[in-house]
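Worksheet for the structure shown next.
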Amino acid sequence: MPSGARARVAAAVADRLFRNAVRTLPIRVRYPDGTVLGRNAADRDAPQMILHRPADFAARLGTAGLIGFGESYMAGDWSAPDPAATLTVFAGSIETLVPAPLRALRHLYVAKHPATEHNSESNTRGNIARHYDLSNALFELFLDETLSYSSALFPAIEPPPRWSDLAAAQRAKIDRILDRAQVGPGTRLLEIGTGWGELALRAAARGAVVRSVTLSTEQRALVLDRIRATGRADRVTIDLLDYRCVEGEFDAVVSVEMIEAVGYDYLDTFFQTIDRVLVPGGRAVLQAITMPHHRMLATRHTYTWVQKYIFPGGFLPSTRLLREVVARSTGLVVREELSMGAHYAHTLRLWQQRFDSHADQVAALGFDSIFQRMWRLYLAHAEAGFRCGYLDVHHILLTKSGAQ
């Protein structure tokens, strides 16, 4: 808990700002003394936020901003019956929650990125390990049978997809990527970011020769087991290697939600690498989580709760930024963009439901209640972003001169 005179002053300011902000939002914020704030205070079906320790919540919020907001959930200062619904309300009003004069001063009080988390070659493997090397068994508890840890692409999102729809939707997403990259018999394919191997295996089943690079030792170990089990060892190579170190020539390059781990300062290097290894006429397809350009510019130097606890070194670009980097740094051309953010909201909803239903198994793996609240908030935070349009996810097709 923050303490001292500075914390007390910050808590008082934060409490006042928070109460003023939520009074205008379509939400119910309940206090232990029976006070209920929010534009929808009388609507018991409205998204709810339950404050258990308002003073502690205000102290964390006042001293650490949005990082403190997340930490207060981890500590149990507040809860919500449906965290994603609650966070959707806040995310949808992110532009107005803080008064304009204070927003102009954000650079004076928001945390800065630690130098140890910049995505240099010396740091990136450690950043990746802090998330993807947590435990293969943990991810197996809430992912579907494909072990795909990225947005699915459903045939339809109304009515809301069910768990039984998820694996097929993940395969449909992968197949669309491989189709747009024109992956078929004999294709030399580079995958940047292996995940748990489903894309590499599906590409090999088409007759492609796949080289996939990852920095996660845990993921690589499981993928190698999957490759051996499916008899694809002659067609798939998995290297523990930074993308910057890849050599060779490839007909196609694919990368699914790995660009978020590249970092703002290294986007040019990332696309230059793709340009360097692609043969003339080659094609590259990315699946990339994005945010609106103006929000990206406003927050790119802000250190967030997600970066501190979930994705160290993470950075979400805008599609405009990606187009600008490609144009200035490479000979590649952006040919297509497909927006599918609503599909990610449903993917995350299904993951969170699955994670919650396996709480006992998560605990048995050694992940305590604080970790479980942290992970639940992470999944809900992401779902909220996609629900309200603050976040999006795109398929982006790039071609190199000579492509058909």
Side-chain angles (χ1 to χ4, degrees), residues 1-106 109-111 302 304-306 308-309 349 352-353 356 359 369-385 387-388 390:
M1 270 299 301
S3 60
R6 179 179 176 272
R8 287 193 295 273
V9 172
V13 173
D15 180 64
R16 185 172 193 128
L17 288 172
F18 179 78
R19 287 172 183 262
N20 287 340
V22 298
R23 284 190 176 97
T24 66
L25 299 180
I27 196 172
R28 299 182 80 242
V29 178
R30 290 170 43 200
Y31 285 77
D33 63 2
T35 301
V36 180
L37 300 180
R39 197 175 76 215
N40 289 12
D43 182 2
R44 295 187 176 276
D45 293 326
Q48 290 193 65
M49 178 179 183
I50 304 168
L51 282 170
H52 304 289
R53 295 187 291 271
D56 293 359
F57 168 76
R60 296 183 205 275
L61 184 64
T63 55
L66 291 178
I67 291 178
F69 183 87
E71 289 175 340
S72 68
Y73 184 87
M74 293 166 62
D77 297 339
W78 68 274
S79 65
D82 183 348
T86 299
L87 295 176
T88 298
V89 174
F90 288 116
S93 305
I94 197 70
E95 306 279 6
T96 58
L97 282 177
V98 178
L102 292 181
R103 291 201 302 273
L105 299 174
R106 63 179 288 122
Y109 62 86
V110 296
T302 300
T304 67
W305 179 85
V306 170
K308 182 176 181 178
Y309 287 98
R349 171 180 55 83
Q352 182 173 337
Q353 290 172 353
D356 288 347
S369 60
I370 295 175
F371 177 92
Q372 292 193 38
R373 286 196 295 270
M374 178 189 77
W375 204 261
R376 188 175 298 113
L377 185 67
Y378 148 57
L379 294 175
H381 172 275
E383 180 186 343
R387 273 201 204 182
C388 72
Y390 183 83

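Every value quoted in this text rests on a predicted model; they were computed, and no experiment measured them.
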Self-check item: Shortest non-hydrogen separation from Y73 to P83 and the atoms involved
Solution: OH-CG, 3.7 Å

Practice problem: Using the side chain to side chain contact (heavy atoms under 4.5 Å, CB included) rule, take V89 and V22 through it: C-alpha gap first, then chi angles, then the decisive distance, then the call. | Solution: CA-CA 10 Å; V89 174; V22 298; over 6 Å; no

Quiz item: Could you walk me through whether E71 and M374 pass the side chain to side chain contact (heavy atoms under 4.5 Å, CB included) check?
Solution: CA-CA 8 Å; E71 289 175 340; M374 178 189 77; over 6 Å; no

Practice problem: Check P2 against A59 and note the closest heavy-atom contact, atom names and distance. | Solution: CG-O, 3.8 Å

Quiz prompt | Interatomic spacing from CE in M49 to CG in L87 - rounded to 0.5 Å | solution = 8.5 Å

Self-check item: Interatomic distance, R387 atom CZ to T88 atom OG1 [nearest 0.5 angstrom]
Solution: 4.5 Å

Practice problem: Taking the side chain as every heavy atom from C-beta outward, state whether P47 and D82 have any atom pair closer than 4.5 Å. | Solution: no

Quiz item: Where does the angle between the aromatic ring planes of H381 and W305 fall among parallel (under 30°), tilted (30 to 60°) and perpendicular (over 60°)?
Solution: tilted

Practice problem: Anything under 30° is parallel, anything over 60° is perpendicular, the rest tilted; go ahead and classify F69 against W78. | Solution: tilted

Quiz item: Does the side chain of I50 come within less than 4.5 Å of P81's, by heavy atoms?
Solution: yes

Quiz item: In Å and rounded to the nearest 0.5 Å, what is the OG1 to CZ distance from T86 to R28?
Solution: 11.0 Å

Quiz item: Any donor-acceptor pair under 3.5 Å linking the side chain of R39 with the backbone of T24?
Solution: yes

Practice problem: Could you pull out the closest heavy-atom pair between A46 and N40, with the gap in Å? | Solution: CB-CB, 3.7 Å

Exercise. Can you measure from CG (D356) to CZ (R376) and round to the nearest 0.5 angstrom?
Key: 4.5 Å

Quiz item: Where do L66 and T304 land on the side chain to side chain contact (heavy atoms under 4.5 Å, CB included) test, with the steps shown first?
Solution: CA-CA 7 Å; L66 291 178; T304 67; over 6 Å; no

Quiz item: What distance separates D43 CG from I27 CD1, expressed to the nearest 0.5 Å?
Solution: 12.0 Å

Quiz item: Is it the case that more than 12 heavy atoms not belonging to L51 sit under 6.0 Å from its CG atom?
Solution: yes

Quiz item: So, do H52 and P32 sit near enough that their side-chain heavy atoms are less than 4.5 Å apart?
Solution: no

Practice problem: Determine the minimum heavy-atom distance between A380 and A84, stating which atoms define it. | Solution: CB-N, 3.6 Å

Exercise. First locate atom CE of M74, then atom CD1 of I370, and finally report the distance between them rounded to the nearest 0.5 Å.
Key: 7.0 Å

Self-check item: Closest contact, heavy atoms only, R373 versus A75
Solution: NH2-C, 3.9 Å

Quiz prompt | Minimum heavy-atom distance G92-C388, with the two atoms named | solution = N-SG, 3.8 Å

Self-check item: pair L37-F18: side-chain heavy atoms closer than 4.5 Å
Solution: no

